[in-house]
There are 2 protein chains.
Amino acid sequence: MGRGRVQLKRIENKINRQVTFSKRRSGLLKKAHEISVLCDADVGLIVFSTKGKLFEYATDSCMERILERYEQYSYAERKLTSPNLESPGSWSLEYAKLKARMEVLQRNQRHYMGEDLDSLRLKELQSLEHQLDTSLKHIRTRKDKALQEQNNLLAKKLKEKEKEPAMNQWEQVQNHELNSPSFGLTQPLSSMNMISDIYQSVGENTSNGGNEATPNQQIPSSNTVMPQWMMPHMDN
Amino acid sequence: MGRGRVQLKRIENKINRQVTFSKRRSGLLKKAHEISVLCDADVGLIVFSTKGKLFEYATDSCMERILERYEQYSYAERKLTSPNLESPGSWSLEYAKLKARMEVLQRNQRHYMGEDLDSLRLKELQSLEHQLDTSLKHIRTRKDKALQEQNNLLAKKLKEKEKEPAMNQWEQVQNHELNSPSFGLTQPLSSMNMISDIYQSVGENTSNGGNEATPNQQIPSSNTVMPQWMMPHMDN
DNA sequence: CCGTCTATATATAAGCG
DNA sequence: TCGCTTATATATAGACG
């Protein structure tokens, strides 16, 4: 953008690189802010210059919120760094980090339990609602499946029992042991009424455009060319 | 950029907002990638759509590394939180305990997100379902309350604005000015918020200001209209 | 939702003080 | 480094399939 075209490769001239960095950085921050406002998106942007200086932008000036939210997605799966390092100083740092993440998780958990909601903003409440709604669907589906299996199993047992009513209990057990997974755990028929619950969740919003399969978009690294998925089109 | 100028305010039309989001998002990711390559910078970009979907870009596809680095900046500031235990051996013990609790929490979190359900038994599923159902009720109640409050606030603001239509743009902004709760790292990002957006309209479209109210305010850095956060940085 | 096209608005590479 | 100007390269709003 400017007098000359530019190759997507590291700018060798140190001066130019610094100048370009400065200009593009502000452009990037500006655009981050714009999309945040225009599209009501939550944005977090972190930039380290070559020299290691930090620049950042975050919607509502609160990077913490963004990062917490981000970690929810990767369910804070970030590697629990093994502290097998000997450097004594690193222990307190590692401990502090872990503790901080712990607190984040605890807070999240309270939120998932519908507690401590006053600390959340509207957007976060909506997001939480949506998340739980989705979770609940998964859970009900899973429960449905579990119940169905058990249902079938019990029906089968009942059927066989009717065939040979003369058998005593011990014999029956022995006969069925091959088929029953984990004998002691089978639930009585009473739990079957739960099935109806599954069908109660009818009018819930499922607003996803069928594209929800990917939880996040992974960017492949590339030192020269723009990944194609990122390029709308490269004609003109 | 395009057929018409655009005001820096939330796009009300849902369709347009979504389309713009999609376009700008790829633009933003592209630029993040470009500055990363051209200027040899480390970039981490996180974007949540209104609906809560996550998009991200990270130099070398490793957000983790970026966040790690970011946190070093943060935690360097508040390392004081750690327990003041002196015995060297106790550190590893404390760390292990914390880690164990952490893992429990992580597993719970996954369950709350409707993941990893295979490890749950029927009773646990039912319990989880019940818990989430209850949570959802609380959350929806809280959300409704928040919405109501916001409505009231906006109505009040609108009313006040109608009372004093004489003020010019800057005076209004300055009147609303508060100290931004600068997040306290290298860059004291002043915040920018919805309210200021109302006044940023260049004087064309006077569409309704269906906007949210956030306490912090944009700080005019000079006689330019450029927000402070994007002003050139004076560094070494 | 995704891709295309076109007119315009913006971003920015270079050059200069 | 810093600002400012200018010529161009890009990004993208709006419309359509």
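Note that the structure is a prediction, hence the values are computed from the model and not measured. In the text below, chain A, chain B and the rest are named by the order of the sequence lines, each starting its count at 1.
Rounded to an integer number of Å, the gap from CG of B:Leu38 to P of C:dA11 is 17 Å. Across the protein-nucleic acid pair, B:Ile35 atom CD1 and C:dA11 atom P stand 14 Å apart, rounded to whole Å. Taking atom CG of B:Leu8 as the reference point, atom P of C:dA9 lies 17 Å away to the nearest angstrom.
Between the side chain of B:Ser135 and the main chain of A:Tyr112, a donor-acceptor pair closer than 3.5 Å is present. Distance alone, capped at 3.5 Å, places no donor-acceptor pair between the A:Thr59 side chain and the A:Ser36 backbone.
By the salt bridge (Lys or Arg N to Asp or Glu O under 4.0 Å) test, A:Arg107 pairs with A:Glu68, sequence neighbours left out.
Ion pairing between A:Asp42 and A:Arg69 holds under the 4.0 Å rule for side-chain N and carboxylate O. Between A:Asp60 and A:Lys123 there is no salt bridge, since no side-chain N of the basic residue sits under 4.0 Å from a carboxylate O of the acidic one.
Between the base of C:dT6 and the side chain of B:Arg3 there is a donor-acceptor pair shorter than 3.5 Å. Judged by distance alone with a 3.5 Å cut-off, a donor-acceptor contact links the side chain of B:Lys23 to the base of D:dA13.
Mapping A:Ile15 and A:Met1 onto DNA chain D by nearest heavy atom places A:Ile15 at the nucleotide closer to the 5' end.
The side chain of B:Gln18 lies closest to C:dC1, out of C:dC1, D:dA13, C:dT10. Comparing D:dA11, D:dA13, C:dT10 by their closest approach to the side chain of B:Arg5 singles out C:dT10.
With axes fitted over five pairs at each extremity, the angle between the ends of the helix from C:dC2-D:dG17 to C:dG17-D:dC2 is 40° (10° resolution).
Sorted pairs that involve residues 139-159 of chain B and meet ring-ring contact (aromatic ring centres under 6.0 Å, His included), not counting sequence neighbours, are lacking altogether.
At the phosphate of C:dA13, OP1 or OP2 sits under 4.0 Å from a side-chain N or O atom of A:Thr20. Between B:Lys31 and C:dT12 there is a side-chain polar atom (N or O) within less than 4.0 angstrom of OP1 or OP2.
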